[in-house]
Amino acid sequence: MSAYDKVCIDTFLKNQLQLFPEPVAESPEEAEEFLDEVCALVFKDKKGLIKMLKDEMDVSGMSEEEILSQTEVFPLPDGRYLFVEG
């Protein structure tokens, strides 16, 4: 069973060019495989995402809005967040 549901896969597939100069996936299957390969993370809300970013990356001095607008962050329509390292 995949860690990525249809919402994650479809959102990444539709918005992948925000992170990459050219598509890395052409189909939902390729998108799911790519997300799995790069160990993309899904967060149930922005609080968890921001905590991870503060622990793992230098985001000091950045506002919440700036953190959430990073190219690696894909807001999902259901309020969750997908984080994909480029």
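Just so it is clear, the structure is predicted and the values come from calculations on it, not from any experiment.
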Residue pairs involving residues 8-23 (criterion salt bridge (Lys or Arg N to Asp or Glu O under 4.0 Å); sequence neighbours excluded) = Lys6-Asp10

Heavy atoms of Leu53 and Ile67 approach each other most closely as CD1-CG2, 3.4 Å

Is Val42 linked to Phe83 within one hydrophobic cluster, defined over Ile, Leu, Val, Met, Phe, Trp and Tyr using a side-chain heavy-atom separation of less than 4.5 Å?
-> no

Asp36 side chain vs Glu32 backbone, donor-acceptor pair below 3.5 Å | no

Might you work through the side chain to side chain contact (heavy atoms under 4.5 Å, CB included) test for Phe20 and Phe34, ending with a clear yes or no?
-> CA-CA 12 Å; Phe20 301 102; Phe34 179 81; 3.5 Å; yes

Kindly give the heavy-atom pair with the smallest separation between Ala31 and Ile9, and that separation in Å.
-> CB-CG2, 3.9 Å

Apply ring-ring contact (aromatic ring centres under 6.0 Å, His included) to Phe74 and list each qualifying residue two or more places apart in sequence or on a separate chain.
-> Phe12

Does a sphere of radius 6.0 Å around CD in Glu30 hold more than 12 heavy atoms from other residues, nucleotides or ligands, not counting ones at 6.0 Å or beyond?
-> yes

Heavy-atom side-chain contact between Leu82 and Thr11 under 4.5 Å | no

May I ask whether Val59 and Leu41 are part of the same hydrophobic cluster, defined by side-chain heavy atoms of I, L, V, M, F, W, Y residues being less than 4.5 angstrom apart, directly or through others?
-> yes

Answer yes or no: is there a donor N or O on one side and an acceptor on the other, between the side chain of Glu26 and the main chain of Leu13, under 3.5 Å?
-> no

Rounded distance [0.5 Å steps], CE in Met52 versus CZ in Phe43 | 4.0 Å

Quick one: does Gln16's side chain have a donor or acceptor within less than 3.5 Å of a partner on Pro23's backbone?
-> no

Selection residues 58-71 - residue pairs positive for salt bridge (Lys or Arg N to Asp or Glu O under 4.0 Å), sequence neighbours left out | Lys46-Glu64

Search all heavy atoms of Gln18 against all heavy atoms of Gln70 and return the closest pair with its distance.
-> NE2-O, 4.4 Å

Could you check Lys47 against Asp45 for salt bridge (charged side-chain N to carboxylate O under 4.0 Å, His left out), going step by step and ending with a plain yes or no?
-> CA-CA 5 Å; Lys47 183 179 175 183; Asp45 56 31; over 6 Å; no

Answer yes or no: is there a side-chain heavy-atom contact under 4.5 Å between Leu19 and Glu72?
-> yes

Name of the residue among Asn15, Val24, Leu35 meeting side chain to side chain contact (heavy atoms under 4.5 Å, CB included) with Val84 | Leu35

Please tell me if the side chains of Lys44 and Leu76 come closer than 4.5 Å, counting only heavy atoms from C-beta onward.
-> no

In one Ile/Leu/Val/Met/Phe/Trp/Tyr side-chain cluster, 4.5 Å: Val38, Val7 = yes

Any donor-acceptor pair under 3.5 Å from Tyr81 side chain to Gly48 backbone = no

Is there a side-chain contact between Ser60 and Lys54, using heavy atoms and a 4.5 Å cut-off?
-> no

